[in-house]
Amino acid sequence: MNFHILTLFPDMVMDGLNTSIIGRAIANKLLTIEAVNIRDFAVNKHNRVDDYTYGGGAGMLMQAEPVYLAYKSIEEKCKKMPRVIYLSPQGKTFSQEMAEEFAKEEELIFLCGHYEGIDERVLEDIVTDYVSIGDYVLTGGELPSMVMIDAISRLIPGVLHNNVSAEFETFQDNLLEYPQYTRPEEWRGKKVPEILLSGHHANIEKWRREQSIIRTAKARPDLLEKAELTEKEKKILANHSEI
Ligand code: ADE
């Protein structure tokens with residue numbers, strides 16, 4: 001999978017993504033990440049890529065042509081028309097489901113806006129998906145594109161050493177993850193739940209599932225409505241009066 005990021009701050013995205021698990025995936029050639037500096041496509045001798053908005057109003061807007069040329073420089077190299085994601089609070093809210101859908105693509109282009117945004121005409125011409133990472137306003141699209149690339153990359157086979165963990169975790173079946181513990185068995189007077197030391201796998205699985213349901217009910221009741229619970233599990237939930 002090849003990610004291309006159109007940005008005014010290539011170092012910001014490359015420094016962030018070249019680290020840890022995604023950095024290792026790049027080194028292992030499971031994916032590539034390329035940041036294209038929109039400023040390299042400026043069409044004036046001062047290398048300016050922004051200008052005032054027609055009709056007045058505060059702030060500057062990124063101009064259409066440098067964005068278009070930067071996009072074209074990538075599109076020319078792709079076998080088929082790649083999806084172009086524009087990061088914006090006005091987009092559809094990013095979700096695990098969307099990450100799974102994007103993970104099926106071979107090439108993805110992320111367009112990061114700055115200042116007050118980008119001239120509408122180029123967005124109309126090149127953007128296929130408008131995506132927000134949540135209901136708050138950031139200074140640019142770089143952090144949202146990094147968030148999305150992280151979430152998508154970990155779904156690519158081989159990126160996580162343990163492929164099972166990408167599937168069986170938070171949001172699997174709309175449930176949050178159960179609590180987990182590692183050594184020591186007792187830490188500052190707090191013991192690991194007895195059942196996890198029992199070696200009884202079926203009971204452990206049952207306990208974990210119950211914990212997931214209880215946690216989800218407490219922290220994210222909205223998710224629980226979409227989870228598939230057995231009649232027995234619904235009863236367990238009903239018995240937890242503190243939830
Ligand atoms: N750009 C600025 N804020 C954003 C957000 N919340 N999501 C995506 N892109 C953004």
Side-chain angles (χ1 to χ4, degrees), residues 1-22 31 33-42 48-71 73-75 82-105 107-156 170-171 219-220 222-223:
M1 181 149 192
N2 303 308
F3 297 103
H4 312 268
I5 309 165
L6 300 173
T7 171
L8 289 173
F9 301 97
D11 291 347
M12 178 177 176
V13 284
M14 290 316 289
D15 288 353
L17 291 167
N18 250 323
T19 340
S20 185
I21 292 171
I22 310 300
L31 54 97
I33 302 179
E34 167 200 32
V36 173
N37 193 341
I38 296 169
R39 200 173 296 283
D40 291 346
F41 297 86
R48 279 200 48 191
V49 291
D50 62 322
D51 213 326
Y52 296 99
T53 48
Y54 279 116
M60 309 289 275
L61 213 57
M62 281 167 71
Q63 293 173 293
E65 188 65 3
V67 171
Y68 187 70
L69 294 176
Y71 159 76
S73 77
I74 300 168
E75 191 236 62
R83 280 169 88 166
V84 179
I85 300 162
Y86 179 51
L87 292 313
S88 158
Q90 292 169 34
K92 193 173 162 205
T93 309
F94 189 51
S95 64
Q96 190 64 26
E97 220 178 317
M98 280 164 86
E100 280 160 22
E101 190 201 312
F102 284 128
K104 294 179 195 147
E105 300 288 327
E107 314 273 347
L108 280 177
I109 300 180
F110 292 83
L111 173 57
C112 306
H114 256 273
Y115 314 114
E116 293 305 305
I118 301 180
D119 190 306
E120 191 68 24
R121 292 168 294 183
V122 68
L123 297 180
E124 285 168 7
D125 272 16
I126 69 172
V127 175
T128 58
D129 301 86
Y130 291 76
V131 182
S132 164
I133 61 158
D135 287 341
Y136 39 81
V137 182
L138 300 165
T139 55
E142 282 74 15
L143 286 170
S145 72
M146 289 161 75
V147 166
M148 286 187 66
I149 290 170
D150 189 288
I152 297 165
S153 298
R154 61 190 291 293
L155 299 174
I156 298 170
T170 305
F171 297 124
R220 292 290 306 275
D222 56 311
L223 283 180

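Counting starts at 1 for both ligands and their atoms, following the listed order. The model shown is predicted, which means the values in this text are computed figures rather than measured ones.
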Original post:
For F3 and L17, what are the C-alpha separation, side-chain angles and deciding distance, and is it a side-chain contact (heavy atoms from CB on, under 4.5 Å)?
Top reply: CA-CA 11 Å; F3 297 103; L17 291 167; over 6 Å; no

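- The residues lining ligand 1, counting any heavy atom closer than 4.0 Å, are L87, S88, P89, V131, S132, I133, G134, Y136, V137, L138, G140, P144.
- Judged as a side-chain hydrogen bond (donor to acceptor under 3.5 Å, both in side chains), the pairs with a partner in residues 134-145 (not counting sequence neighbours) are, in order, T7-E142, H114-E142.
- For R48 (side chain) and D50 (main-chain N/O), a donor-acceptor pair under 3.5 Å exists by modelled atom type.
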Show me, pair by pair, the donor-acceptor contacts under 3.5 angstrom made by side chains of residues 117-127, not counting sequence neighbours?
residue : atom : partner : partner atom : Å
D119    : OD1  : R121    : N            : 3.0
D119    : OD1  : R121    : NE           : 3.0
D119    : OD2  : R121    : NH2          : 2.8

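- The closest donor-acceptor contact from the side chain of T128 to the backbone of V84 lies under 3.5 Å.
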Identify every side-chain donor-acceptor pair in residues 51-65 under 3.5 Å, counting partners at least two apart or on other chains, and give the distances.
residue : atom : partner : partner atom : Å
T53     : OG1  : G56     : O            : 3.1

